Amino acid sequence: MKIKKAIIPAAGLGTRVLPASKSMPKEMLPIVDKPAIQYIVEEAVKAGITDILIITNRGKGIIEDHFDHSIELENMLEKRGRTDTLKELNELANLANIYYLRQKETRGLGDAVLRAKEFVGGEPFAVLYGDDVIVGEIPAIKELCEAYENYGKSVVGIKEVSDELIVKYSSMKVTQLDDKNYDITDMIEKPSLETKFSNFSILGRCVLENEIFDILERTPLGVGNELQLTDAMKEIAITKGMVGVDFSGTRYDMGNKFGILKANIEVGLTHPETKDELREYIKDLAKTL
């Protein structure tokens, strides 16, 4: 079954990137000339997803404005003959069917996903975490959708991370299936180094069967007194198994100051308007380090 619906949880407070996130949602922090969440929406659209629900909270109306028309701006661009920019903004406003739902209390990723039950209906669906921008030739969520179609199981995007990070993320119990796909039979949220299964962790992408909602409704609050999506997925992994896709793109953590810097530098080095100047600047800067 083709995946046509996606959820983007974007209700987090962004405390790791304060004070920037005090007045601007971290999802709107720019990578060169586009906000982070635009990269995520474009990734979903390139994978064939047509309906996207963005979970927000108070103070994030700017996200809705970004994906809407700005008549005054568009009229100004038309008068000035900025046809290329005008076309780009029109395409932005028509990327997909985008809907919004507020998570009035930040009670965890599992709670954000659970609020999308009515939007999803009876279909399998994708989840693209609002903190994680993944840049690559092949959209990461497309790789997951293809794995879902091939294996008929819920899928998560995974990467190997350091011991320092595994205790902050999640750990997967894996057996390799082929060059990039793994069978997952258990997982743990924020493990200690003694309890980790492996250094493979879920990083920002899932394709889930509809059964996840029933599981979330009876899952107790977990780490941080929040409803953890990993705790619900753990039940699926143990009872039915899941597939982990070691996706090919580069992931940037936009809830992390260094992740934001890396994203801007590395994307800037490929952007046609900045790559040459930035490369020369970095070369000159390197001589002073």
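Not measured: the values here are computed from a predicted model.
For R279 and D276, the salt-bridge test passes: some basic side-chain N is under 4.0 Å from an acidic carboxylate O. Salt bridge present: E217 and K117 bring a charged side-chain N and a carboxylate O closer than 4.0 Å. Salt bridge status for K5 with D51: absent, with no side-chain N to carboxylate O gap under 4.0 Å. Ionic pairing of E235 and R218 is present here: one or more N-O contacts between side-chain nitrogen and carboxylate oxygen are shorter than 4.0 angstrom. Contact check on K2 versus E149 returns a salt bridge, with a Lys/Arg side-chain nitrogen under 4.0 Å from an Asp/Glu carboxylate oxygen. Under a 4.0 Å N-O distance rule, the pair E43/K46 does not qualify as a salt bridge. Taking 4.0 Å as the cut-off between side-chain N and carboxylate O, D246 and K159 count as a salt-bridged pair. A salt bridge links E143 to K180: at least one charged side-chain nitrogen sits closer than 4.0 Å to a carboxylate oxygen. Taking 4.0 Å as the cut-off between side-chain N and carboxylate O, D163 and K196 count as a salt-bridged pair.
Distance check, rounded to the nearest 0.5 Å: NZ of K4 to CD1 of I52 gives 11.5 Å. Taking OG of S201 as the start and CE of M187 as the end, the distance is 10.0 Å to the nearest 0.5 Å. Interatomic distance, CG of L114 versus CD of Q103, reported as 10.0 Å (0.5 Å rounding). Note that CE of M233 is 6.5 Å distant from CD1 of I212, once rounded to the nearest 0.5 Å. Interatomic distance, R251 CZ to Y129 OH, rounded to the nearest 0.5 Å: 10.5 Å. The CD1 atom of I63 sits 8.0 Å away from the OH atom of Y100 when rounded to the nearest 0.5 Å.
The two residues P9 and A112 come nearest to each other via the heavy atoms CB-CB, 4.2 Å. The minimum heavy-atom distance linking I54 with A10 is given by the pair CG2-CB, 4.0 Å. Across all their heavy atoms, G204 and D132 have their closest contact at CA-OD2, 3.2 Å. Scanning all heavy atoms of the two residues, the minimum distance from I40 to R205 falls at CG1-NH2, 4.1 Å. Between N264 and V32 the shortest heavy-atom distance is OD1-N, 2.7 Å. Residue A140 comes nearest to I134 through the heavy atom pair CB-CG2, 3.7 Å, listed as atom of the first residue, atom of the second, then distance.
One hydrophobic cluster, built from ILVMFWY side chains closer than 4.5 Å, cannot hold both M172 and V155; they sit in different ones. Note on V120 and L101: same hydrophobic cluster, where clusters join Ile, Leu, Val, Met, Phe, Trp and Tyr whose side-chain heavy atoms are under 4.5 Å apart, directly or indirectly.
Within 6.0 Å of CD on Q176 lie more than 12 heavy atoms contributed by other residues, nucleotides or ligands.
Inspection of the E137 and S248 side chains reveals no N or O donor paired with an N or O acceptor under 3.5 Å. No side-chain donor-acceptor contact under 3.5 Å links Y169 and E189.
For F213 and F125, the ring centers are positioned less than 6.0 Å apart.
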